[in-house]
Structures are given as C-alpha cells and as structure tokens.
Visitor: 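Handing you a structure now.
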Amino acid sequence: MSVTVRVPAKVNVQLAVGAARPDGFHDLANVFLAVGLYDEITVTPSPDGLRVTCEGPDAGLVPLDESNLAARAAVLLAARHGRTPDVHVHIAKDIPVAGGMAGGSADGAGALLACDALWGTGASREELLEICAELGSDVPFSLVGGAALGLGRGERLTPLEVGGTFHWVFALADAGLSTPAVFREFDRLTQGTDVPEPVASPDLLAALAKGDAHALAANLVNDLQPAALSLRPSLAATLDAGTAAGALGALVSGSGPTTAFLCDSAEAARKVAGALGTSGTCRAVRATQGPAEGATVV
Ligand code: C5P
C-alpha cells in the first residue's frame, strides 16, 4: 500500500522584500504562481522506520537525512497524531534543487499530504497549512498551488484569481543558490537605505486576474534579483539571451538561480526555449505553463 502526491514548482511574479525583522526573517509581499514542473512524493509503510530516497537528474544534491523537508513533514504529522513516522518517502525529483522554485517546499507539502492519506490521519486543511508554515515560508503555497499572495514570511496566504494561462520558460543554472545567503546579500546591498514596506502591486494583481501576459510582464518584479545577480553575475547573460529571443519579461525566480521568462504563447515559449538552449548561458531549459494545481494525490 502506498500513496503518491504530485506537487508543482512556483515562480514569484512579484517578490517585494522588506527590511530584516528582529527574528532575521523578512516581511514579504510575495505573489506566487504555481507552474507545471512537478515533484512526485510516494510514501510506503517502512517497518524499519523513516527513510528518504530520491531519483532524478539532481538526486545527488538532495539531503536524505532528517533535514529533508519531506522527512520533517512526516515527523511533525506523526508527533501530532501520537504515532511513529515509520514510512519510506520516495521523491521523484523534477524541480531544480536549490533553484528558487520551491522544490524542497514541494517535497515537504507532498510528504505531508501523502502521509496524512497513508495513515488516515484526517488532518484538517487548517492543520496541514499550520504544519506547512512550521516547515518553511514557501511550504503552504506548495500545498495550495494556483496563485496566491503571501504576506508575513510568505506563509500567510490569500488565494488570487487568475484569468488565463501564462506561458513560461525556465533556464536552470549550473549550481544552486542558498536562500539564506541571498537574503543576507539583500541585507548587505540595502544596508543604510530606507527599505520600504512590501506591498502587492495592484497593476500586477489586475494583470493576473485578466490573464494579460503583456501587462504581467510589464509588472514582474523581484527585490531579491540584485542580490542573486551580485552572487551569480552570469545570470545577467541568461536574462539577456531570453529577452533577445522574444520573451515579454524576464526575472530571477525567487532567490534564484533559475531565471524565468514570460512569453505570449506556447509557440513563443518554444522559440525562447530553443534560443536559451543553444545560448551557452544555462544548464537546461524547460517550457511550461501556470497556474498549476497544488499538491494532489494521484
Ligand atoms: O522559511 P524558510 O526556512 O524557507 O526560509 C529559509 C531562509 O530564508 C530563512 O532562514 C531566512 O534566512 C530566509 N528568509 C527570510 N525571510 C523570509 C523567508 C525566508 O529572510 N520571509
């Protein structure tokens, strides 16, 4: 008996970052859009106790110990329901590792939903979201998918209306970037400046609601982009290559180093993907669409 859950990656179409808080986190206005790259998490009873395995091109980069968010999800849910987390969690990984697309968060949300189903825990949506927020700032969004505005650390979600399908190309970089390191670089770059309160852009929310790719492209913004570019200057060439190939808009995805290109049709996305693929500025290229459904039992 086993349960498999499919969980999407995300891109942040707006990531407004405030000043560092006393707890070290940053208040955000984080507009998440789930996109069609997926990890699949399968859980199976394991008499020998908790075990994590991973397959996929980046599998060697995924920690398989108790620091893995999927393992932590199983442990937290089991503890709340007075049982042992005797489960084998297998991750079929397609979301880039340490890529700024919430791959680790996807695995946490997926394992949580899968263990809930396997164990018949019957946790409410509210409890699942609470555990997600405990696991990490982006994990609640991985559970709900679609599009949402995340406030606070990004964990306080309001679902957003999306009036159409957006076509995206993602350029994967050679090595990952550490999210805490990118936030530290943000702090260094903004030191001594007056960092404004993060607020969602009304024009961007209107563009999402209308499904207007041109208006969305004009309003894409990521306050972490200067920090990611400072740590990984080569990303500027990737952004230029995708823009030159006809993308409507380009930005670093979350804390990077994946770069995201919004296109006005599937055909335009194929063209941008082809050009990026031969540009010599990235490791791999993926074309897909958003919004995508959140964590789902398959
Ligand atoms: O919440 P999560 O564990 O995913 O965050 C990883 C790291 O990213 C945090 O330890 C912190 O350094 C940084 N972060 C932040 N502000 C946020 C979210 C994350 O500074 N809102």
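Residue numbers start at 1 and run along the sequence shown. Whatever order the structure lists them in is the order used to number ligands and atoms, beginning at 1.
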Visitor: For atom 7 (C) of ligand 1, find the nearest protein heavy atom and state the residue, atom name and distance (0.1 Å precision).
Guide: P180 CG, 3.9 Å
Visitor: Report yes or no: do Q14 and S201 form a side-chain donor-acceptor pair below 3.5 Å?
Guide: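 Absent: no donor and acceptor within the cut-off.
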Visitor: Do you know which two heavy atoms are closest between V139 and C132, and how far apart they sit?
Guide: CB-O, 3.3 Å
Visitor: Starting from atom 3 (O) of ligand 1, which protein heavy atom do you reach first, and at what distance in Å?
Guide: G136 CA, 4.2 Å
Visitor: Return yes if a side-chain donor-acceptor contact under 3.5 Å exists between T179 and S255, otherwise no.
Guide: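 Result is yes, a qualifying pair exists.
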Visitor: Are any of the N/O atoms on D138, whether in the backbone or the side chain, positioned under 3.5 angstrom from an N/O atom of ligand 1?
Guide: no
Visitor: Considering only non-hydrogen protein atoms, determine which one is nearest to atom 21 (N) of ligand 1 and report residue, atom name and distance to 0.1 Å.
Guide: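 Minimum-distance protein heavy atom for atom 21 (N) of ligand 1 reads H26 O, 2.8 Å.
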Visitor: Any non-hydrogen side-chain atom of V87 less than 4.5 Å from a side-chain atom of T44?
Guide: no
Visitor: Any non-hydrogen atom of L28 lying under 4.0 Å from ligand 1?
Guide: yes
Visitor: Using a distance-only test with no angle check, is there a side-chain donor-acceptor pair under 3.5 angstrom linking H167 and S265?
Guide: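 No - no donor-acceptor pair under 3.5 Å links their side chains.
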Visitor: Please say whether more than 12 non-hydrogen atoms of neighbouring residues, nucleotides or ligands are located less than 6.0 Å from CD in Q289.
Guide: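 Yes, enclosed.
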Visitor: Report the distance from atom CG of D107 to atom NE2 of H90, rounding to the nearest 0.5 Å.
Guide: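 That separation rounds to 11.0 Å.
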Visitor: In terms of residue, atom name and distance, what is the protein heavy atom nearest to atom 1 (O) of ligand 1?
Guide: S137 OG, 2.5 Å
Visitor: Counting non-hydrogen protein atoms only, what is the nearest one to atom 19 (C) of ligand 1? Give residue, atom name and distance.
Guide: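 Ranked first by proximity to atom 19 (C) of ligand 1 is F183 CE1, 3.6 Å.
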Visitor: Quick one: look at F25 and ligand 1, take heavy-atom pairs under 4.0 Å, and tell me if it's side chain, backbone, both or neither.
Guide: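 Under 4.0 Å from ligand 1, F25 contributes backbone and side-chain atoms.
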Visitor: Please determine whether any non-hydrogen atom of G24 lies less than 4.0 Å from an atom of ligand 1.
Guide: yes
Visitor: So is T179 polar-close to ligand 1, meaning N/O to N/O under 3.5 Å?
Guide: no
